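Below is one structure, written out as structure tokens; comments come after it.
All figures in this text were calculated on a predicted structure; none of them were measured in a lab. Counting starts at 1 for both ligands and their atoms, following the listed order.
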Amino acid sequence: MDKQKVDILISSSVWDPKPWVEGLSKSDLVGNIHVWPTQADLTNVKVLFVWKPLDKGVIDLIPNLKWISSLGAGVDHLMTDPQIPEHIPITRIVDPFLARDMTNYVIMGLMMHQRSMLRHLDNQKSKTWDRITYKPLKVGVMGLGALGGHLAEKLVGLGFEVFGYSRRLKRIEGIKCFDESDQKEFLSHAEVLVNLLPVTPQTVNILNKQLFSSLPKGAYLINVARGNHLVESDLINALDDEQLSGALLDVFWEEPLPPSNPLWEHTKVTITPHVASVTTPNSAIALLLDNLKRLREDRELLHTVDLNKGY
Ligand code: NDP
């Protein structure tokens, strides 16, 4: 690619684009930065940074587009968008801070569950002295990628018995690993199930009645990947039937979660508003600029998405 400064378009319908614009504009690799929606001529734009679905027709306005990056770890908002041409490489954020924050969130949820923290908080309100006991827990991590792999290793360090599940069989010290052919066996161990899979046609609705019935009775679910993984009505039934003892949910089919959604009021569900791990612009910008340098030097981009796998 020619070595001129590169013009960028940012489309972020959820996050404030300001810190991204400010951070990127400090680099001498970067030319004009446009923020969607804009009336500007985008002919010179070569790079598109996106968080959450692109408006229809945006790609048509960028005839010289060379690279698209998600501003988060997930790329489901790009994989299902028919306007994105197959020849444009798509990358995503793989950032140690994102992995650290996800791990910390899951550990928080796991500990709150193991130590019955919500019950202790209730008991405090009624001045009740109830020494609820706790037991060691076996944790199943679905998805052993950048986030799930990091989490699984940290959980081993904390003394949990950890079971891991991925598409291809992994070998990770201290973790009993399973692949798709052994899903049932994996699930049978998971007293706490943490979902860190990407959304693909194979994983949509994977957290369903059948899967819940393969977990040990009274298992606890932590869904931090995507709402599209979960059949919400199946979860509610599994909680009401006591097949599951509770769930910590950070992601939902519809976000913000509508006030009418019954999950809000379910006594066994704890909800957070998609904050398990949020991209930190400063560290992500360093990764984006590294890839921008690679693009200009016609080198391979880091963290590209495999369109065949869909993640
Ligand atoms: P990666 O792509 O690094 O890892 C995905 C893992 O899932 C891999 O181990 C992969 O297997 C496995 N996998 C994919 N498809 C299947 C399948 N059909 N069956 C079994 N295993 C499968 O993703 P990340 O770890 O970076 O991120 C995971 C997800 O976390 C993101 O897609 C995003 O949706 C979510 N996320 C949520 C956030 C939040 O705040 N709630 C923040 C950031 C991300 P293999 O190793 O064999 O390829």
task: For residues W67 and F49, establish whether the separation of their ring centroids is below 6.0 Å.
output: yes

query: Are K46 and D7 close enough for a salt bridge, meaning some N to O gap below 4.0 Å?
result: no

message: To the closest 0.5 Å, what do you measure between CD1 (I175) and CD (E161)?
response: 11.5 Å

field: E180 bridged to R168 by N-O distance under 4.0 Å
entry: no

- prompt: Considering only heavy atoms, does K170 approach ligand 1 within less than 4.0 Å through its side chain, its backbone, both, or neither?
  reply: side chain

query: Which of the numbered atoms in ligand 1 are below 4.0 angstrom from a heavy atom of H274?
result: 39 (C), 40 (O), 41 (N)

query: Quick one: is the NZ or CZ of K309 closer than 6.0 Å to the six-membered ring centre of Y311, and within 45° of its axis?
result: yes

- request: Under 4.0 Å, heavy atoms only, figure out whether ligand 1 is touched by the backbone of D250, its side chain, both or neither.
  value: side chain

task: Between R168 and ligand 1, find which residue part has any heavy-atom pair under 4.0 Å and reply side chain, backbone, both or neither.
output: both

- line: heavy-atom search around atom 42 (C) of ligand 1 in the protein gives S277 O, 3.2 Å

task: Using the salt bridge (Lys or Arg N to Asp or Glu O under 4.0 Å) rule, take K293 and E297 through it: C-alpha gap first, then chi angles, then the decisive distance, then the call.
output: CA-CA 6 Å; K293 198 157 172 275; E297 292 166 0; 3.8 Å; yes

Identity and distance of the protein heavy atom lying nearest atom 17 (C) of ligand 1: E180 OE2, 3.8 Å

field: Option from V194, T272, L249 for which side-chain contact (heavy atoms from CB on, under 4.5 Å) with V224 holds
entry: V194

message: So, taking the atom named NE2 in H266 and the one named CG in L263, what distance separates them when rounded to the nearest 0.5 Å?
response: 8.0 Å

query: Counting only heavy atoms, which portion of R167 has something under 4.0 Å from ligand 1: side chain, backbone, both, or neither?
result: both

- request: Give a yes or no on whether the backbone of V75 and the side-chain of S70 come within a donor-acceptor separation of less than 3.5 Å.
  value: no

message: Regarding ligand 1, does V278 bring an N or O atom to under 3.5 Å of one of the ligand's N or O atoms?
response: no

message: If we ignore hydrogens and angles and just use 3.5 Å, is the side chain of E191 paired with the main-chain N or O of A219 as donor and acceptor?
response: no

- prompt: Got an N/O contact under 3.5 Å between G143 and ligand 1?
  reply: no

message: Quick check: V251 and ligand 1, any N/O pair under 3.5 Å apart?
response: no

- request: May I ask you to check whether Y165 and F186 place their ring centers less than 6.0 Å from one another?
  value: yes

message: Please tell me whether T91 and T304 have a donor and an acceptor in their side chains that are separated by less than 3.5 angstrom.
response: no

Taking atom 35 (C) of ligand 1 as the reference point, the nearest protein heavy atom with its distance: A225 O, 3.6 Å

task: Pull out every atom of ligand 1 sitting under 4.0 Å from any heavy atom of T203, numbered as shown with elements.
output: 17 (C), 18 (N)

statement: In ligand 1, the atoms that come under 4.0 Å of a heavy atom of M102 are 37 (C), 38 (C), 39 (C), 41 (N), 42 (C)

message: Side chain or backbone, does Q202 bring an N or O within less than 3.5 Å of an N or O on ligand 1?
response: no

query: Taking distance alone, with no angle check, do L144 and ligand 1 share an N/O pair under 3.5 Å?
result: yes

query: Considering only heavy atoms, does L197 approach ligand 1 within less than 4.0 Å through its side chain, its backbone, both, or neither?
result: both

- request: Have a look at ligand 1 and work out which part of D179, if any, has a heavy atom under 4.0 Å from it: side chain, backbone, both or neither.
  value: neither

field: atom 44 (C) of ligand 1: the protein heavy-atom neighbour that sits closest, reported with distance to 0.1 Å
entry: L147 CD1, 3.4 Å

- request: Compute the shortest N/O to N/O distance between D76 and ligand 1 and return yes if it is under 3.5 Å, no if not.
  value: no

- prompt: Tell me, which protein residue and heavy-atom name are nearest atom 10 (C) of ligand 1, and how many Å apart are they?
  reply: Y311 OH, 3.5 Å

statement: Looking only at protein heavy atoms, what sits closest to atom 1 (P) of ligand 1 is R92 NH2, 3.4 Å

message: Pairing donors with acceptors under 3.5 angstrom, does anything connect the side chains of N208 and D234?
response: no

field: Protein heavy atom at shortest distance from atom 28 (C) of ligand 1
entry: L196 O, 3.4 Å

message: So, regarding A146 and ligand 1 (criterion: nitrogen or oxygen to nitrogen or oxygen, under 3.5 Å), is there a contact or not?
response: yes

- prompt: Among protein heavy atoms, which sits nearest to atom 33 (C) of ligand 1, and what does the distance come to when rounded to 0.1 Å?
  reply: R226 NH1, 3.6 Å

field: Lys/Arg N to Asp/Glu carboxylate O, D122 vs R119, below 4.0 Å
entry: no

